Amino acid sequence: MPELPEVETVRRGLAPICIGQRVLRVIVRDARLRWPVPADLSTQLAEQTIQRLDRRGKYLLFQLERGTLLVHLGMTGKLRFFTTPPPPDKHDHLDLQLANGGLLRFTDPRRFGAVLYAVEAENHPLIAPLGLEPLDPAFTGAHLYRLTRNRRVPLKAFIMDAHQVVGVGNIYANEALFRAGIRPQLGAGKLSRPRAEKLVAAIKAVLTEAIAAGGSTLRDYVDGFGQPGWFQLQYFVYGRGGEACRVCGTPIRLSRTGGRATTWCPRCQK
DNA sequence: AGAACCACCTGGCAGC
DNA sequence: TGCTGCCAGGTGGTTC
């Protein structure tokens, strides 16, 4: 579900109400997430104050005094703040009680998400191997060009690989490739230097615009306060298989690359 | 090393 | 109204 824009939207919303707050306790109702929630999480977090709320790829990083709480929303995860929380529902797996009386609630029907704790997040096995942030100035056409040399995977699969570039999931990969005018199936190693520049610019643009729109809500994404995003209204190709291209009118094609639904315009993308 | 699959899990929807 | 099968925003692990 959430890609970089959605996670960033959650981060921006929650940061002001979390920073400076002390964690009173953690209530784990179901520890069976993608990896088990650490049994000693409550002990680890209790009485620590949240110093910052950062994001690395699709991970939210609550920086505490002695370590970091890592939260990944998987496909269907939500992290919401309540001043007066409703009674816990079926998929409300974890609550963080804050000293200001607020409560952060992690909800995730599919349980593909994760809640973990690390003393040094940058060295955590899930964080350390991550690629560049796409909105980092260091993520350039030259960088992408270098990374893709001799790679045979479809370009779309390549830009969705978090070990190359973080944060680009299925929606924004499709949208960025459309904007760059590049076929998703193109072998990554065949990407020319000028087209690498174009693709990097498209990725940055689509992510920036999506953040400005509060992310995309297809089914169940909401931000930290239960509000949906609106970027889905600006899609050119995602979820539009069979419909007319918004630029040239040609029917949008739908196929699969790397097992994921791929949509593109056969006329606009070469 | 890299690429192609599978797995994890629930819910919603189309089709019968 | 069921039931079945398929699909979904992610990504680590296994296999070749």
Side-chain angles (χ1 to χ4, degrees), chain A residues 1-10 29-37 55-60 70-79 89-94 106-116 124-131 134 146-177 184-190 203 206-207 210-211 213-223 228-235 237-242 254-263:
Chain A
M1 152 222 198
E3 303 184 29
L4 186 149
E6 291 74 34
V7 179
E8 178 62 17
T9 300
V10 172
R29 290 185 205 84
D30 194 342
R32 300 171 306 158
L33 301 183
R34 170 131 202 203
W35 294 279
V37 177
R55 179 188 56 73
R56 179 75 177 96
K58 298 172 190 168
Y59 289 89
L60 286 166
L70 287 68
V71 177
H72 195 293
L73 301 178
M75 292 273 268
T76 51
K78 295 184 178 83
L79 189 64
D89 207 347
K90 188 173 174 186
H91 302 297
D92 295 339
H93 305 313
L94 184 142
F106 178 83
T107 307
D108 186 6
R110 287 177 79 176
R111 290 190 273 116
F112 283 1
V115 178
L116 298 164
H124 190 279
L126 293 171
I127 303 293
L130 294 177
R146 219 177 306 121
L147 284 180
T148 48
R149 291 312 84 192
N150 301 317
R151 297 295 304 265
R152 303 175 110 88
V153 280
L155 185 57
K156 176 172 174 252
F158 186 89
I159 61 173
M160 289 176 66
D161 180 354
H163 300 120
Q164 310 299 336
V165 199
V166 297
V168 182
N170 202 29
I171 294 173
Y172 300 109
N174 280 306
E175 292 298 315
L177 285 162
Q185 303 83 354
L186 180 75
K190 299 266 175 77
I203 290 171
V206 76
L207 295 177
I211 292 169
S216 298
T217 296
L218 299 182
R219 172 174 291 125
D220 46 22
Y221 164 75
V222 288
D223 71 9
W230 299 100
F231 190 71
Q232 67 278 8
L233 301 176
Q234 297 179 52
Y235 291 168
V237 288
Y238 182 84
R240 301 195 63 245
L254 168 62
S255 64
R256 300 207 149 248
T257 49
R260 310 296 301 274
T262 299
T263 43

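Here the structure is a predicted model, which is why all the values come from computation and not from measurement. Convention: sequence-line order gives letters A, B, ...; per-chain numbering from 1.
Distance NE2 (A:H124) to P (C:dG12): 11 Å, rounded to an integer number of Å. One interatomic measurement links the two molecules: CH2 of A:W35 to P of C:dT11, which rounds to 9 Å at whole-angstrom precision. Between A:K78 atom NZ and B:dT10 atom C1' there is a gap of 12 Å when expressed in whole angstrom units. Rounded to whole Å, atom C1' of C:dG12 lies 14 Å from atom CE of A:M160. Atom pair A:F106:CZ and B:dC9:C1' shows a separation of 13 Å (rounding to whole Å applied). Between A:E3 atom CD and C:dG10 atom P the separation is 4 Å, expressed in whole Å. Residue A:L116 contributes atom CG, which lies 12 Å from atom P of C:dG12 at whole-angstrom precision. Going from atom CG of A:N170 over to atom C1' of C:dT11 covers 13 Å, rounded to whole Å.
Atoms NZ and CG, from A:K156 and A:N170 in turn, are 4.0 Å apart once rounded to the nearest 0.5 Å. Separating the CG atom in A:D220 from the NE2 atom in A:H91 is a distance of 10.5 Å, to the nearest 0.5 Å.
For A:W230, the CH2 atom sits in a loose shell: 12 or fewer heavy atoms of surrounding residues, nucleotides or ligands are nearer than 6.0 Å.
Taking the 5.5 Å centre cut-off and the 30° plane limit, the aromatic side chain of A:Y221 is not classed as stacked on C:dG9. Residue ring and nucleobase are stacked for A:F112 and B:dC8, with a centre distance beneath 5.5 angstrom and an angle between planes beneath 30°.
Applying the 4.0 Å criterion to OP1 and OP2 of C:dG10, one finds that A:H72 has every side-chain N and O outside that range. At the phosphate of C:dG12, OP1 or OP2 sits under 4.0 Å from a side-chain N or O atom of A:H163. The phosphate of C:dC7 has neither OP1 nor OP2 within less than 4.0 Å of any side-chain N or O from A:R260. One finds no side-chain N or O of A:Y172 lying less than 4.0 angstrom from the OP1 or OP2 phosphate oxygen of C:dG9. In this model, the phosphate group of B:dT10 is not approached by any side-chain N or O of A:K90 to a distance below 4.0 Å at OP1 or OP2.
Ring geometry for A:Y59 against A:H72 counts as perpendicular: the plane angle is over 60°, on a 0 to 90° scale with 30° as the lower cut.
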Quick test: give all pairs of protein nitrogen or oxygen and nucleotides 3-5 of chain C nitrogen or oxygen below 3.5 Å, distance rounded to 0.1 Å.
none

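Within the 3.5 Å criterion, the main-chain N or O of A:F231 finds no donor-acceptor partner in the side chain of A:Q234. With hydrogens and angles disregarded, a donor-acceptor distance shorter than 3.5 Å links the side chain of A:R149 to the backbone of A:G189. Checked by atom type and distance alone, the side chain of A:R110 never pairs as donor or acceptor with a backbone atom of A:G74 at under 3.5 Å.
Nearest heavy atom pair, residue A:L116 against residue A:P36, reads CD2-O, 4.0 Å. In terms of heavy atoms, A:T9 sits closest to A:I211 at OG1-O, 4.2 Å. Closest approach of A:V10 and A:L79 over heavy atoms only: CG1-O, 4.1 Å.
At a cut-off of 3.5 angstrom, the base of B:dC9 holds at least one donor-acceptor pair with the side chain of A:R110. Counting distance only, with no hydrogens placed and no angle test, the side-chain atoms of A:R34 and the base atoms of C:dT11 include a donor-acceptor pair under 3.5 Å. Contact annotation: side chain of A:R151 to base of B:dA3, donor-acceptor pair absent below 3.5 Å.
C:dC6 and B:dC6 have their P atoms separated by 13 Å, with the value rounded to a whole Å. Taking atom C1' on both nucleotides, C:dT11 is separated from B:dG12 by 23 Å, rounded to a whole Å.
In DNA chain C, runs of at least 3 consecutive Watson-Crick or G-U pairs, each pair with both distances below 3.5 Å, span B:2-8 with C:10-16, B:10-16 with C:2-8.
Where A:R219 and A:V153 meet DNA chain B, the nucleotide closest to each residue was compared, and A:V153 sits on the side nearer the 5' end.
Among the protein residues, A:A162 comes within range of no part of the nucleic acid, since none of its heavy atoms lies under 4.0 Å from any strand.
Side chains of A:Y235 and A:T263: a donor-acceptor N/O pair is absent below 3.5 angstrom, by distance only.
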